[in-house]
Structure formats: structure tokens, C-alpha cells
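The structure under discussion appears below in the form of C-alpha cells.
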2 protein chains.
Amino acid sequence: MMSKKNNTSFGEYIRQLREDRNLPLRKIAAELDIDTSTLSKIEKNERNASEQIIEKLSEIFAIDKADLKVRYLSDKITYQLLDEEDGIEILKVAEQKIKYHKQQQA
Amino acid sequence: MMSKKNNTSFGEYIRQLREDRNLPLRKIAAELDIDTSTLSKIEKNERNASEQIIEKLSEIFAIDKADLKVRYLSDKITYQLLDEEDGIEILKVAEQKIKYHKQQQA
DNA sequence: TAATTTTGGACAATAATTGTCAAAGCAAAT
DNA sequence: ATTTGCTTTGACAATTATTGTCCAAAATTA
């Protein structure tokens, strides 16, 4: 189990990818078929990214889709728990539950 | 860090508490100031339980509120990730992120 | 300064959640 | 079998949240 360090938000991450390539929002937004301002907000974590958006982003930037999704969903959960006292414990319990479910279905 | 086993859902759990005391939905719902049918659905994990409901439930059943909240929120996250391939990894990454945030604010 | 990019606010349209009610289903009696 | 009390289900309007879209103001770059 290893720690790729991963402490940039989803939005920051895809913004970085875009800036590395010197592309304007306009271009990427067009490829994604969404409004420039919507993409701006996604990069600032002010709007959700749909499954479809995530998929297209992974194609555009030639990165692993599953990895991008992990970044996105882990972010959402993080924000959900950020104000909770017992955030870490909640995650641990959730992990047990997921393992339990996976085991059941197998 | 230890594993109280915890593999009953929030709904099942509070239903169990109620049934242990031989109380009808009607009574508890009245104390919670919600409809009987709403409580029925909460017990079947078909409706959300608000913060307020969780607090009152902890009072009614004389259990720890924080613990009940952990059960509730871990459940929600579990359901969110149940269909995801990488649920466990998502949780691990979220954990790192939360720890990072906590560390920053300290 | 002009051109381009980025941001923020507004808005209607759509979707999700909530509170509420009524009817139906169920089980245990009597 | 019918009543009685408990539980479940589906429906519905009302509220709240999210989405897609546009525009104009800021900020950045040339």
C-alpha cells in the first residue's frame, strides 16, 4: 500500500494539466462540450464534474480514467467530512462496510 | 484503533434499538416530531436522517451521539462507493486528504 | 490600450429531497 | 372472520439543490 502524494484537489489537478499544455479554458471546454465558465468552476471545485466529463478529461490529457475518478470522488468525500469531528473514524467504518459488502457479493 | 464490528446499517441499528424496547414507530416518530412513515423509511435506509433526528435518537435511546453519527455518515459514504471499482482506494486517498487538511489547520 | 482569458453573478430549467397524507398490508388477538 | 394496532408503500405538492447558459466585469497577456 503506497502513498502517492495526492494532496491537490481535483480542480487544481486538472487545471495544472491544462496549464502544463498551455491550453485555454475555451479549448478544453469546447472539447468537453460545456461552457467555459462551467469548466472554470470545475477547476475551482465549485461545480461537479460528471462521469462523462471525467472520462473525456482523461482522454484529452491522456491519463488514467480510474485514477482521475479516484481523485474526484476522494475529494468529494473529503469535503463532506471536513467539518466532522470524527472524519477519520467515519472513513474507517465505511471501509469495513465496503469490504463486508464486497465479501458478501463474492 | 479497534474494530467494533459494525456491519449493520444505520437503519437496521436504530430499528433494533427500538424493537429491543418494544416501542412502536408511532411513539418514536412522535418524539422525533416526524411522520410515522418517514421514520419507517429511515429505518429502511430510504430516507435521510437529519442532524437533528440523529441527536434526538441518541437522546431517546441513551446512546452516544457521536457514535450514532459515525454509523450514519459511514453508511452514506458506503452507499456512495458501493458500485465503484476503487471504493477502498478512494477512501484511503480521502483519509490522506483529511489528515492533510487537519494538519494544515493546526 | 487592445485582445484574450478567466471569473462571478444571475437566471430559468431540471432534478432531488422533504413533509405529509391516505390506503393497503400484516399480525395478533379476540 | 373481524377488529385493532403497527408498518409499509406510493403519491403528491412544496422546498431546496444542481445544471446549463449567458453576460459583463475582472484579470492577464500581448
Side-chain angles (χ1 to χ4, degrees), chain A residues 8-61 68-69 71-84, chain B residues 8-61 68-69 71-84:
Chain A
T8 67
S9 71
F10 175 80
E12 292 174 275
Y13 180 65
I14 61 172
R15 167 154 297 186
Q16 194 58 58
L17 290 174
R18 180 175 64 79
E19 290 180 343
D20 288 349
R21 291 161 175 73
N22 280 308
L23 296 168
L25 285 170
R26 182 173 47 79
K27 285 262 188 191
I28 306 295
E31 290 207 60
L32 296 173
D33 195 30
I34 61 176
D35 200 278
T36 305
S37 97
T38 300
L39 181 53
S40 169
K41 283 161 192 160
I42 291 173
E43 286 187 349
K44 302 168 104 270
N45 305 302
E46 289 168 1
R47 285 254 175 152
N48 292 326
S50 67
E51 174 83 22
Q52 205 200 6
I53 297 286
I54 292 174
E55 170 144 27
K56 284 192 190 167
L57 284 171
S58 72
E59 289 165 6
I60 292 169
F61 295 128
L68 194 56
K69 218 170 153 186
R71 284 176 184 272
Y72 179 69
L73 292 174
S74 63
D75 244 38
K76 292 208 84 177
I77 289 176
T78 299
Y79 291 136
Q80 269 178 60
L81 297 184
L82 213 48
D83 294 329
E84 293 298 331
Chain B
T8 68
S9 71
F10 176 80
E12 290 175 274
Y13 181 64
I14 61 171
R15 166 152 299 184
Q16 193 60 57
L17 290 173
R18 180 176 63 80
E19 289 181 344
D20 289 349
R21 290 161 175 74
N22 278 311
L23 295 169
L25 286 170
R26 181 174 46 79
K27 285 261 189 191
I28 306 294
E31 289 206 62
L32 296 173
D33 197 30
I34 61 177
D35 200 279
T36 304
S37 95
T38 301
L39 181 54
S40 168
K41 284 163 191 163
I42 291 174
E43 287 187 349
K44 302 167 107 271
N45 304 303
E46 289 167 1
R47 287 256 174 150
N48 292 326
S50 67
E51 175 82 24
Q52 205 200 8
I53 296 286
I54 292 174
E55 170 145 28
K56 284 193 193 167
L57 283 170
S58 72
E59 289 165 6
I60 292 169
F61 294 128
L68 194 55
K69 219 170 151 187
R71 284 176 184 272
Y72 178 70
L73 292 174
S74 63
D75 244 38
K76 291 206 86 176
I77 290 177
T78 299
Y79 291 137
Q80 270 178 60
L81 297 185
L82 212 47
D83 294 330
E84 293 299 331

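Labels below follow one simple rule: chain letters A, B, ... track the order of the sequence lines, proteins then strands, and each chain is numbered from 1. Below, all heavy atoms of this structure are taken into account, side chains as well, without hydrogens, waters or symmetry copies.
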Kindly indicate, with the supporting measurements, whether the criterion side chain to side chain contact (heavy atoms under 4.5 Å, CB included) is fulfilled by B:Asp20 and B:Phe61. CA-CA 10 Å; B:Asp20 289 349; B:Phe61 294 128; over 6 Å; no
Establish whether the base of C:dG8 is bridged to the side chain of A:Lys44 by a donor-acceptor pair shorter than 3.5 Å. no
Quickly work out the B:Leu39 CG to D:dT7 P distance and round it to whole Å. 9 Å
Quick one: does B:Arg18's side chain have a donor or acceptor within less than 3.5 Å of a partner on B:Leu23's backbone? yes
note: A:Lys41, atom NZ; C:dT5, atom C1'; distance rounded to Å ~ 15 Å
Contact under 4.0 Å: A:Arg18 side-chain N or O vs C:dT5 OP1/OP2: no
Separation of atom CD1 in A:Ile42 from atom C1' in D:dT19, rounded to whole Å: 11 Å
Here the pair of heavy atoms bringing B:Ala49 nearest to B:Tyr72 is N-OH, 3.0 Å
Counting only side-chain heavy atoms from C-beta out, which of C:dG8, D:dG10, D:dC6 sits nearest to B:Ser37? D:dG10
Grab the CG-C1' distance between A:Asp33 and D:dT19 for me, whole Å please. 14 Å
Whole-Å distance separating the CG atom of A:Asp35 from the C1' atom of C:dA10: 13 Å
Whole Å only: how far is the CD atom of B:Glu43 from the P atom of D:dT9? 12 Å
On the nucleotide D:dG20, are OP1 or OP2 found under 4.0 Å from the side-chain N or O atoms that A:Thr38 carries? no
Checking all strands, does A:Arg47 fall into the base, sugar-phosphate, or nothing category for heavy-atom contacts under 4.0 angstrom? base
Distance, nearest 0.5 Å, that separates OG of B:Ser58 from CZ of B:Arg71: 13.0 Å
Atom pair CZ/CG of B:Phe10 and B:Leu73 - distance to nearest 0.5 Å: 9.0 Å
A:Leu25 atom CG is separated from C:dT4 atom P, nearest whole Å, by 16 Å
In whole angstrom, what separates A:Glu19's CD from D:dT28's C1'? 12 Å
Closest listed nucleotide, where the reference is the side chain of A:Arg15 and the choices are C:dT6, D:dC6, D:dT7: C:dT6
